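Residue indices begin at 1 and follow the sequence shown. All values reported here derive from a predicted model rather than from experimental measurement.
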Amino acid sequence: MARILSNQLGGKYVVLCTANDNIQVSAANTNASETVTGLTINQIWTGLDGGYWKLARGSNTILITNASDYQDFAGSGAAIQLDPAANVVVTCTSANCSMIIDFQKQSTFTSSY
């Protein structure tokens, strides 16, 4: 199960995976004043000791990496918005692996500021 590192109301949702997992969009719903309808992928950090990571949404493969890496999609002006309402499936073929995914929530929350 993915470990939640950050879950900001109307903001970021950051998870850590250390094994195969299915990250559900509904898991980002933790506050009664917010309904999360999608998650856009901003950044990904991967760590591997052999093998590879695969990240998919719906029927779309988003990323395959066989190295420890950092990808800043939003910082490069191209956050991954493909199938934002679909769950994210991560698969690792190594016994020693980690992946941190930084999402931006798409939700019904409206800030009062």
Side-chain angles (χ1 to χ4, degrees):
M1 177 178 204
R3 179 176 167 203
I4 299 170
L5 302 178
S6 178
N7 193 357
Q8 302 168 347
L9 186 61
K12 290 187 178 232
Y13 180 63
V14 183
V15 298
L16 167 67
C17 302
T18 56
N20 298 347
D21 209 341
N22 182 357
I23 302 164
Q24 298 181 354
V25 173
S26 61
N29 287 316
T30 59
N31 190 299
S33 64
E34 177 181 42
T35 301
V36 178
T37 57
L39 296 171
T40 298
I41 300 171
N42 288 334
Q43 303 174 80
I44 296 175
W45 294 261
T46 56
L48 282 169
D49 184 15
Y52 65 88
W53 270 110
K54 177 181 175 185
L55 184 143
R57 280 198 117 143
S59 61
N60 297 300
T61 297
I62 305 295
L63 173 78
I64 296 176
T65 183
N66 62 355
S68 296
D69 199 8
Y70 167 69
Q71 299 286 328
D72 184 2
F73 303 107
S76 297
I80 299 176
Q81 299 181 22
L82 184 63
D83 294 333
N87 294 338
V88 176
V89 177
V90 293
T91 307
C92 184
T93 61
S94 173
N96 298 311
C97 57
S98 62
M99 178 183 279
I100 297 173
I101 308 172
D102 172 5
F103 295 100
Q104 176 64 45
K105 292 181 183 180
Q106 296 174 350
S107 75
T108 59
F109 176 76
T110 303
S111 175
S112 58
Y113 298 104

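The backbone N or O of G51 lies less than 3.5 Å from no partner atom in the side chain of N66, so there is not a single donor-acceptor pair. Of the possible polar contacts, none joining the D21 side chain to the I23 backbone as a donor-acceptor pair under 3.5 Å is found. Using a distance-only test at 3.5 Å, with no hydrogens or angles considered, a donor-acceptor pair links the side chain of T46 to the main chain of A67. Using a distance-only test at 3.5 Å, with no hydrogens or angles considered, a donor-acceptor pair links the side chain of W53 to the main chain of S98. For the pair T108 (side chain) and T35 (backbone), a donor-acceptor distance under 3.5 Å is present.
Across all non-hydrogen atoms, the minimal contact from L55 to V90 is CD1-CG1, 4.0 Å. Nearest heavy atoms, V25 versus A86: CG2-O, 3.6 Å. Of all the heavy atoms in C97 and S94, the pair that sits closest is SG-O, 3.6 Å. The minimum heavy-atom distance between A79 and N42, with the atom names listed, is CB-OD1, 3.7 Å. Smallest separation of non-hydrogen atoms from C17 and A2: SG-CB, 4.0 Å. Between S107 and E34, the closest heavy-atom pair is OG-OE2, 2.9 Å.
In summary, of the residues considered (I80, I44, V89, D83), a side-chain contact (heavy atoms from CB on, under 4.5 Å) with I62 occurs for I80 alone. Of the candidates T40, V14, V15, V14 is the only one forming a side-chain contact (heavy atoms from CB on, under 4.5 Å) with D102.
I41 contributes atom CD1, which lies 13.0 Å from atom OH of Y13 (distance to the nearest 0.5 angstrom). The distance from atom CG of L39 to atom CD of Q104, rounded to the nearest 0.5 Å, is 9.5 Å. Atom CE of M99 and atom OG1 of T18 lie 11.5 Å apart (nearest 0.5 Å). The line from CG of L16 to OG of S6 is 13.0 Å long, rounded to the nearest 0.5 Å.
Under a cut-off of 6.0 angstrom, the local environment of OH in Y52 is sparse, with at most 12 non-hydrogen atoms contributed by other residues, nucleotides or ligands.
Side chains of T93 and K54 form no contact here, defined as non-hydrogen atoms less than 4.5 Å apart. The shortest side-chain heavy-atom distance between I100 and L5 falls under the 4.5 Å cut-off. Two residues are said to be in side-chain contact when any heavy atoms from C-beta on lie closer than 4.5 Å; Q71 and Q43 fail this criterion.
Cluster membership check: F103 shares its hydrophobic cluster with L82, using side-chain heavy-atom separations under 4.5 Å among Ile, Leu, Val, Met, Phe, Trp and Tyr. Linking Ile, Leu, Val, Met, Phe, Trp and Tyr residues whenever their side-chain heavy atoms come within less than 4.5 Å places V36 and I4 in a single cluster.
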